Amino acid sequence: MGLKSSSLLCLAILLAVSSSIHALDIAKLLAKSPEFAAFTKALTETKLIDQINSRNSITILALNDGAMGGLSGKSPAAIKAILSTHVVLDFFDEKKLMEAQGSGQLLTTLYQASGFAQDQQGFVKVALIGEGEIAFGSAVKDSPVDVELVKTVVSQPYNISILQVAKPITFAGVDSQIPADNAKAPAGSATAKAPVASANAPMPTKVAGAKAPASQAPLADAPTTGAETPTSEEVIAPTPSDATLAESPTEGPISADASSPSLAPGPAAGEAAADAEAPANSSSKTVVGLVGALMCFASMMVVM
């Protein structure tokens, strides 16, 4: 058991050491060459350095401080897009670059993986120029291939390769890049305003609706002022309970109004009001007649 435990411990130590060896820290590697200070700072500010360190096999086309001057005046989004094309998602040393040039292979960059690339913007092509010097250029149609390879800075097959190039690799449309946060801002603000507009829209409707009973109140008093118009009589007649409530708003419940004969319109009411109250009076008389019949029947029962 002791031998087995020792073997497992050695294996664990070996795995830990190997993982630490292959852990990528591009800033530490570039720090060995002070001429890439501006390039390293730009990678950090654009947060590309974290994406680079998460890769196991990568090639960096580095720019020294003098070449970084070619990015002056460009927006942060454009700088990030250009630097993303300087990160190739595979290991390439000078030998593999010659092979890629001979086969016409395009190099896939980090910009292609970002999802913002259009057409061939996320690819870089390799060619030989002058007296056989290796050069790079955007794979976008009609883009020049004139970014010369200067030297190899770091080479750790098959994990990391840092190659210095003479100037930035640019492509058509790079200056029109829009940051994702700025592009989403108008949509967010429009979305935020939509509920406010919809919430405010119903308010006038509800207020107008609330005033409807006030506008209907004069219609309930129509019998007292427009008794001469038969149209008003026909409208008011089918609703005796409404007319009663309109004329005596301070009275008790509806049931009390309907059964009380004292709520009949006074002498000031016109003929239309009298006609409107006719069904109520007849129904009251009918109730009184029924009550009287019941009382007579009860008296007869008592006598018998």
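Each residue takes its place number in the sequence, starting with 1. All values derive from a computational prediction rather than experimental measurement.
- Take K167 and apply the side-chain hydrogen bond (donor to acceptor under 3.5 Å, both in side chains) test, not counting sequence neighbours, and it matches D146.
- For the pair D90/T108, no side-chain contact is recorded, criterion being any heavy-atom separation below 4.5 Å from C-beta on.
- Rounding to the nearest 0.5 Å places OG of S155 at 8.0 Å from CG of L163.
- If you take CD1 on I60 and OG on S161, they are separated by 9.0 Å, rounding to the nearest 0.5 Å.
- Heavy-atom minimum distance, L24 versus R55: CD2-O, 3.8 Å.
- Taking hydrophobic clusters as Ile, Leu, Val, Met, Phe, Trp and Tyr residues chained together by side-chain heavy-atom distances below 4.5 Å, V153 shares a cluster with V124.
- I79 approaches K74 most closely through the heavy-atom pair CD1-O, 3.7 Å.
- Shown here are the side-chain hydrogen bond (donor to acceptor under 3.5 Å, both in side chains) partners of E94, two or more places apart in sequence or in another chain: T152.
- Residues passing the ring pair (Phe, Tyr, Trp, His ring centres under 6.0 Å) test with F91 are Y158, sequence neighbours excluded.
- When all heavy atoms of I49 and T44 are compared, the pair lying nearest together is CD1-OG1, 3.8 Å.
- Of all the heavy atoms in S138 and Q120, the pair that sits closest is OG-O, 4.3 Å.
- In this view, K80 satisfies the side-chain hydrogen bond (donor to acceptor under 3.5 Å, both in side chains) rule with no residue, not counting sequence neighbours.
- Distance alone, capped at 3.5 Å, is enough to place a donor-acceptor pair between the T109 side chain and the G122 backbone.
- Scanning for side chain to side chain contact (heavy atoms under 4.5 Å, CB included) contacts around V165 gives L61, L63, H86, F136, V147, with sequence neighbours left out.
- Residue pairs meeting the side-chain hydrogen bond (donor to acceptor under 3.5 Å, both in side chains) criterion with at least one partner in residues 97-106, sequence neighbours excluded, do not occur; the list is empty.
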(message) Checking Q51 against V87 for the side chain to side chain contact (heavy atoms under 4.5 Å, CB included) test, could you report, in this order, the C-alpha distance in whole Å, the side-chain angles of both residues, the deciding distance, and whether it holds?
(response) CA-CA 10 Å; Q51 300 181 46; V87 181; over 6 Å; no
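- Ring pair F171/Y111: centre-to-centre distance below 6.0 Å.
- Of all heavy-atom pairs spanning A100 and L107, the tightest one is CB-CD2, 4.3 Å.
- L149 and M68 fall within the same hydrophobic cluster, where Ile, Leu, Val, Met, Phe, Trp and Tyr residues are linked whenever their side-chain heavy atoms come under 4.5 Å apart, directly or through other members.
- Contact between L97 and I134 at its shortest, heavy atoms only, is CB-CD1, 4.1 Å.
- Applying the ring-ring contact (aromatic ring centres under 6.0 Å, His included) definition to pairs two or more places apart or across chains, none involves residues 42-80.
- Under a 3.5 Å cut-off, the side chain of N159 and the backbone N or O of N56 do form a donor-acceptor pair.
- Shown are I58, V154, T59; of these, the side-chain contact (heavy atoms from CB on, under 4.5 Å) with I162 is made only by V154.
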Could you give the side-chain donor-acceptor pairs of residues 29-43 under 3.5 Å, partners two or more places apart or in another chain?
unit_1, atom_1, unit_2, atom_2, d
E35, OE2, K151, NZ, 3.4
T40, OG1, F36, O, 2.9

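- Residues satisfying the side chain to side chain contact (heavy atoms under 4.5 Å, CB included) test with D119, not counting sequence neighbours, are none.
- Here V150 sits alone; no ILVMFWY side chain lies under 4.5 Å from its own, so it joins no hydrophobic cluster.
- Atom CG of L89 is separated from atom OG of S84 by 9.5 Å, given to the nearest 0.5 angstrom.
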Going by atom type alone, with no hydrogens or angles, which donor-acceptor pairs under 3.5 Å involve a side-chain atom of residues 125-132 and a protein atom two or more places apart or on another chain?
none

